[in-house]
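Here, residue 1 is the first one in the sequence, and each next residue gets the next number.
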Amino acid sequence: MAVSAHRLRIVVAHAGAEDQDRGATAMAHALRDAGTEVVYTGGGQTAAQIVRTVIQEDAAALGLAVPAAASLPAEIVTLLAEEGAEDVVVFVGADPAGVAGPADPGAAAVFVPGGADRDDVVDWIRRNLVSAEPG
């Protein structure tokens, strides 16, 4: 799904405790600074709450920050499909132990601290979600 940058809406969510959402906050700021419309949910969200927000906001993508050992990306992709929103692109920022890796079920991309920075995420968004054509 490619959309023009001025129409690109991305929900950024953190599944862990609210006081541990630095990665999600940094991701939200980087995406906003790159010109996308960002809807930030805050921390402590359940999979169902995150999916509800993505659908309500008609988002093209979901940037999900997950704690270690989370199975949330696959659960969210399943819930999105059940709601008819399987075209939403899910990308993940996680501790390396937080997801199965680049082949994590449902995650289009996985970014890990030390392996990717804000620019890497923005570049990936531009390559995979933004078309050159307006509108």
Less than 4.5 Å apart, any side-chain heavy atom of I125 and any of L8? yes

Distance col, row M27:CE vs L64:CG, nearest 0.5 angstrom, shows 8.0 Å

For L79 and A47, the nearest pair of non-hydrogen atoms, with its separation, is CD1-CB, 3.8 Å

If I compare all heavy atoms of V122 with all of A34, which pair ends up nearest, and what's the gap? CG1-CB, 3.5 Å

Please report the interatomic distance CG(L80) to CD(E75), rounded to the nearest 0.5 Å. 10.5 Å

Mutual orientation of the aromatic rings belonging to W124 and F111 [parallel < 30°, tilted 30-60°, perpendicular > 60°]: perpendicular

For G63 and I10, work out which heavy atoms get closest and say how close. N-CG2, 4.0 Å

A24 and H14: which non-hydrogen atoms are nearest, and at how many Å? CB-CB, 3.8 Å

Any N128 side-chain heavy atom under 4.5 Å of F91 side chain: no

Do E83 and V51 come within less than 4.5 Å of each other through their side chains, counting heavy atoms only? yes

Separation between CG of L31 and OG1 of T36, rounded to the nearest 0.5 Å: 4.5 Å

Could you grab the distance from atom CD1 of I55 to atom CD1 of I50, nearest 0.5 Å is fine? 12.0 Å

Compare every heavy atom of A107 with every heavy atom of V92, then report the nearest pair and how far apart it is. CG2-CB, 3.8 Å

Atom pair CD/OG1 of E57 and T41 - distance to nearest 0.5 Å: 10.5 Å

Shortest non-hydrogen separation from V88 to L62 and the atoms involved: CG1-N, 4.0 Å

